[in-house]
Amino acid sequence: MSRSLDSWQFYNLAYGIDGNTAMYRATGKTQYMDRALLYVNNVVNNAKVSSSLPRSQFKDSYMGWASARSDTLGQEVPLFESYCWRYVTRMLRTIRETPALYNDSNYKSQYDRLLAFTERNMFEKWLRRGANSYIYRVNTHMASHWAYIAMDLSLMTTDSTKRAQYMTVFNNINRDMPNNTSSLRGQLRTSPVNANAYFWAAEWGSTRRPGQDVAHGNGVMAYLVEAHDAGMEWTDADMRKFVVTLNDVIWPSARKYANYVDGTGSGTGWFNDGLVKLGRYNAALQQRLETHSVGQNTQYYGNGALNAKLLGAGSAL
């Protein structure tokens with residue numbers, strides 16, 4: 001996937017980057033960080049100048065990739081890139097916040113190169129191409145990817161002007177979308193079926209049931225958990241409500257999974273990309289997740305291991 005030249009392949013590659021970064025954070029074993037870096041370096045090394053991509057709709061000087069998926073054939077697709085890149089920035093932030101990596105010339109040189117690429121050819125590229133279209137996206141989960149990227153970049157950049165841009169995007173998506181009537185914070189309501197849980201709809205300004213589908217809700221949760229742990233915007237009280245949302249509403253009993261966050265519909269039980277990360281806050285939920293049979297892959301095991309480490313360090317709410 002990382003060598004494919006096809007940005008649609010990066011969508012699923014994201015899970016491998018996240019899983020290996022989480023496993024490094026859980027174990028400190030550099031084999032996992034090296035694998036995540038291998039994937040990201042492969043992707044970056046195969047980027048092309050937009051003007052050289054035959055079917056690009058932009059044809060500018062930024063670096064990127066064309067999609068090979070039939071409905072977006074040859075186009076540059078912000079969703080595919082941002083879906084992957086939230087985990088690239090999380091990997092980079094792990095290097096930045098780990099002295100054993102950041103002070104190692106091998107990791108530092110890769111960090112510097114990949115951060116510079118990200119600042120220009122991910123964030124700046126899509127911001128300048130049109131923030132209202134490509135960053136302040138049409139629903140909660142797509143916008144959350146950009147809040148995640150902006151947050152991570154704000155914690156790494158040494159440029160005060162860039163940091164201000166990143167924080168503007170971060171705050172706008174959380175609190176005041178410039179092109180919509182709501183925000184991530186504005187979407188949240190008390191669950192109609194459990195007063196201790198959250199309910200939200202994916203469409204900005206909507207409060208209609210059944211609300212956000214669980215599959216895409218994972219993407220929202222992946223961001224919110226990391227923002228909470230960075231001490232930015234999202235609180236312990238928020239996380240307690242999300243734990244109840246998963247533990248009691250979405251997953252009320254073994255092998256019974258809702259398709260929507262109001263507890264309705266029949267879902268798959270795939271929690272890997274975000275909901276699984278709530279296990280770091282609640283030991284009982286983590287124990288349930290350790291017996292969960294759906295989606296047992298690198299991302300699931302990596303984040304399960306990280307949950308266990310963080311619980312041991314006192315992250316329970």
Side-chain angles (χ1 to χ4, degrees), residues 15 18-19 21-28 86-87 90 93-94 97 140-141 144-145 147-148 151-152 155 170 174 184-185 187-191 193-200 211-212 214-254 256-258 261-263 267 269-292 294-296 298-317:
Y15 307 138
D18 181 46
T21 299
M23 193 65 87
Y24 171 77
R25 293 174 64 194
T27 67
R86 63 200 165 124
Y87 291 139
R90 189 63 188 90
R93 188 157 69 85
T94 299
E97 295 174 354
T140 57
H141 43 281
S144 73
H145 307 330
Y148 196 154
M151 175 188 72
D152 283 343
L155 294 169
F170 174 81
N174 285 323
L184 289 180
R185 178 65 71 184
Q187 289 299 101
L188 295 179
R189 299 287 186 276
T190 299
S191 170
V193 297
N194 188 317
N196 296 313
Y198 268 141
F199 168 85
W200 72 97
Q212 175 87 62
V214 171
H216 287 102
N218 276 287
V220 177
M221 198 55 52
Y223 157 63
L224 297 179
V225 163
E226 291 295 344
H228 166 271
D229 290 359
M232 297 175 70
E233 176 65 38
W234 300 92
T235 68
D236 288 358
D238 291 323
M239 295 304 113
R240 282 192 289 268
K241 289 182 179 181
F242 287 122
V243 165
V244 175
T245 305
L246 174 57
N247 216 12
D248 296 350
V249 180
I250 293 171
W251 190 14
S253 60
K256 182 178 181 182
Y257 316 114
V261 297
D262 71 345
W270 187 78
F271 304 143
N272 294 27
D273 191 43
L275 289 163
V276 68
K277 298 168 186 180
L278 291 166
R280 67 187 63 177
Y281 305 129
N282 184 282
L285 174 57
Q286 174 66 5
Q287 288 172 349
R288 291 189 76 192
L289 289 165
E290 288 177 3
T291 65
H292 188 46
V294 178
Q296 295 181 337
T298 300
Q299 188 182 35
Y300 189 82
Y301 287 124
N303 282 288
L306 180 58
N307 286 349
K309 179 181 180 180
L310 294 173
L311 276 170
S315 69
L317 302 173

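Model, not experiment: these values are computed from the prediction.
Remark: the backbone N or O of Asp18 is not paired with any side-chain donor or acceptor of Thr21 at under 3.5 angstrom. Panel note: side chain Asn307, backbone Val276; a donor-acceptor pair is recorded below 3.5 Å. Between the side chain of Asn194 and the backbone N or O of Thr245, no donor-acceptor pair lies under 3.5 Å. The backbone N or O of Leu278 lies less than 3.5 Å from no partner atom in the side chain of Asn282, so there is not a single donor-acceptor pair.
Among residues at least two apart or in separate chains, there is no salt bridge (charged side-chain N to carboxylate O under 4.0 Å, His left out) pair with a member in residues 301-317. Here salt bridge (charged side-chain N to carboxylate O under 4.0 Å, His left out) pairs that include residues 224-239, with residues two or more places apart or in two chains, are Arg25-Glu226, Arg90-Glu226, Arg93-Glu226, Arg175-Glu233, Arg185-Glu233, Arg185-Asp238, Glu226-Arg280, Asp229-Arg280.
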Checklist entry - What's the verdict on side chain to side chain contact (heavy atoms under 4.5 Å, CB included) for Val225 and Met221, showing C-alpha distance, side-chain angles and the deciding distance? => result CA-CA 6 Å; Val225 163; Met221 198 55 52; 4.1 Å; yes
Item to check | Test log, rule side chain to side chain contact (heavy atoms under 4.5 Å, CB included), inputs Gln286 and Leu289 | outcome: CA-CA 5 Å; Gln286 174 66 5; Leu289 289 165; 4.1 Å; yes
Checklist entry - Do Val249 and Val261 pass the side chain to side chain contact (heavy atoms under 4.5 Å, CB included) test, and can you show the C-alpha distance, the side-chain angles, and the key distance before you say yes or no? => result CA-CA 7 Å; Val249 180; Val261 297; over 6 Å; no
Next on the checklist: Please determine whether side chain to side chain contact (heavy atoms under 4.5 Å, CB included) holds for the pair Val193 and Phe199, giving the CA-CA distance in whole Å, both sets of side-chain angles, and the decisive distance to 0.1 Å.
Outcome noted: CA-CA 9 Å; Val193 297; Phe199 168 85; over 6 Å; no
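Atom CG of residue Leu285 and atom CG of residue Asn247 lie 4.5 Å apart, to the nearest 0.5 angstrom. To the nearest 0.5 angstrom, Gln212 atom CD is 9.5 Å from Asn218 atom CG. Put simply, CG on Leu311 and CD on Gln287 are 9.0 Å apart, with the number rounded to the nearest 0.5 Å.
Phe242 pairs by the ring-ring contact (aromatic ring centres under 6.0 Å, His included) definition with Tyr198, Trp200, not counting sequence neighbours. Judged as a ring-ring contact (aromatic ring centres under 6.0 Å, His included), and not counting sequence neighbours, the contacts of Tyr281 are His228. Asn196 pairs by the side-chain hydrogen bond (donor to acceptor under 3.5 Å, both in side chains) definition with nothing, not counting sequence neighbours. Tyr300 meets the ring-ring contact (aromatic ring centres under 6.0 Å, His included) test with no other residue; sequence neighbours excluded.
You'll find the side chain of Met151 reaches within 4.5 Å of the side chain of Met232, heavy atoms only. No side-chain heavy atom of Tyr15 sits less than 4.5 Å from a side-chain heavy atom of Thr298. Using a 4.5 Å heavy-atom threshold, the side chains of Leu224 and Met239 count as touching. Side-chain contact between Tyr223 and His145 is absent, with no heavy atoms from C-beta onward closer than 4.5 Å.
The pair Asp273-Arg86 meets the salt-bridge criterion, since a charged nitrogen lies less than 4.0 angstrom from a carboxylate oxygen.
Taking the six-membered ring for Trp and thresholds of 30 and 60 degrees, Tyr257 and Trp251 have ring planes inclined between 30 and 60 degrees apart.
Closest heavy-atom contact between Leu155 and Ala230: CD1-CB, 4.1 Å. Minimum interatomic distance between Ala22 and Asn303 (heavy atoms only, all atoms of both residues): CB-OD1, 3.6 Å.
Side-chain atoms of Asn272 and Gln299 form no donor-acceptor pair, as typed in the model, at a separation below 3.5 Å.
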